Chemist: 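One structure follows; several queries about it will come next.
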Amino acid sequence: MEHSRLKIAIDCDDAATGLKKVLFDYLVEKGIQITDLNYRGAGSAMYPDIGYHLARKIKEKEFDRGILLCGTGLGMSIVANKVEGVYAGVCHDVYSAERLCKSNNAQIITLGARVVGPELAKKIIEAWIQSEFEGNGSLAKVKRIHELESETFHALEV
Ligand code: RB5
């Protein structure tokens, strides 16, 4: 999909509010359709609630892709992967960000604001936006992931 047509959601916990603003402003300037979900639930939501909220919106196809930010990127990745059919990976380098789309067909990228600085984070997000699933040899592998998760996940009502 032409990257300017991608609908992207972004959110973070309290460890990454500064990085979220940097990336949000950067993507708006680039003409990307970006929505800051700024989820706080009933009060001060923690990263599990914030990450799960965004991942559900990807499952419901409200957005094509998501960016989740916390201190390390790890907690957000773990929780986003709890939604069946939604896949997330931590990327702190450009090559991984490309492969996350090209090989793994994951919809969500996570980054840690305590791990990468804002300029590297922009480069990582730029590479991620420019990348798409290549299919080919990777198709059977991502299908296999879905088969395996179907053995343990219960179908969710959406
Ligand atoms: C702070 O809550 C920190 O644990 C969180 O931002 C994240 O790094 C978890 O993986």
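Counting convention: from 1, in listed order, for ligands and their atoms alike. Treat the numbers as computed from the prediction; the structure is a model and nothing was measured.
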Chemist: Starting from atom 6 (O) of ligand 1, locate the nearest protein heavy atom and write down its residue, its atom name and how far away it is, to 0.1 Å.
Modeler: Asp13 OD2, 2.6 Å
Chemist: Number the atoms of ligand 1 from 1 as they appear, then name those within less than 4.0 Å of a heavy atom of Gly71, with their elements.
Modeler: 5 (C), 6 (O), 7 (C), 8 (O)
Chemist: On a heavy-atom basis, which atom in Lys102 and which in Ser138 lie closest, and how many Å separate them?
Modeler: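 Looking at all heavy atoms of both residues, the closest pair is O-OG, 4.4 Å.
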Chemist: Atom 8 (O) of ligand 1: which protein heavy atom is closest, and how many Å away?
Modeler: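 Protein heavy atom at minimum distance: Thr72 N, 3.0 Å.
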Chemist: Tyr47 heavy atoms, cut-off 4.0 Å: which ligand 1 atoms fall inside?
Modeler: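 Those atoms are 5 (C), 9 (C).
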Chemist: So, applying side chain to side chain contact (heavy atoms under 4.5 Å, CB included) with Leu68, which one of Asp13, Thr110, Ile10 is it?
Modeler: Thr110
Chemist: Starting from atom 10 (O) of ligand 1, what is the nearest protein heavy atom, named by residue and atom, and what distance separates them?
Modeler: Gly75 N, 2.8 Å
Chemist: Could you check if a side-chain atom of Val142 sits within less than 4.5 angstrom of a side-chain atom of Phe133, using non-hydrogen atoms only?
Modeler: yes
Chemist: Using a strict 4.0 Å cut-off to heavy atoms of Ala15, name the atoms of ligand 1 that fall inside it.
Modeler: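 Counting from 1, the qualifying ligand atoms are 6 (O).
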Chemist: Out of Met76, Met46, Arg114, who gets a non-hydrogen atom closest to atom 1 (C) of ligand 1?
Modeler: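 Checking each option, the heavy atom nearest atom 1 (C) of ligand 1 is found in Arg114.
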Chemist: Give me the atom names and distance for the closest heavy-atom approach of Cys70 to Gly75.
Modeler: SG-N, 4.1 Å
Chemist: Can you confirm whether more than 12 heavy atoms, excluding those of Glu147, are under 6.0 Å from its CD atom?
Modeler: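 Enclosed.
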Chemist: For the residue pair Met76 and Leu69, establish whether any side-chain heavy-atom pair is separated by less than 4.5 Å.
Modeler: no
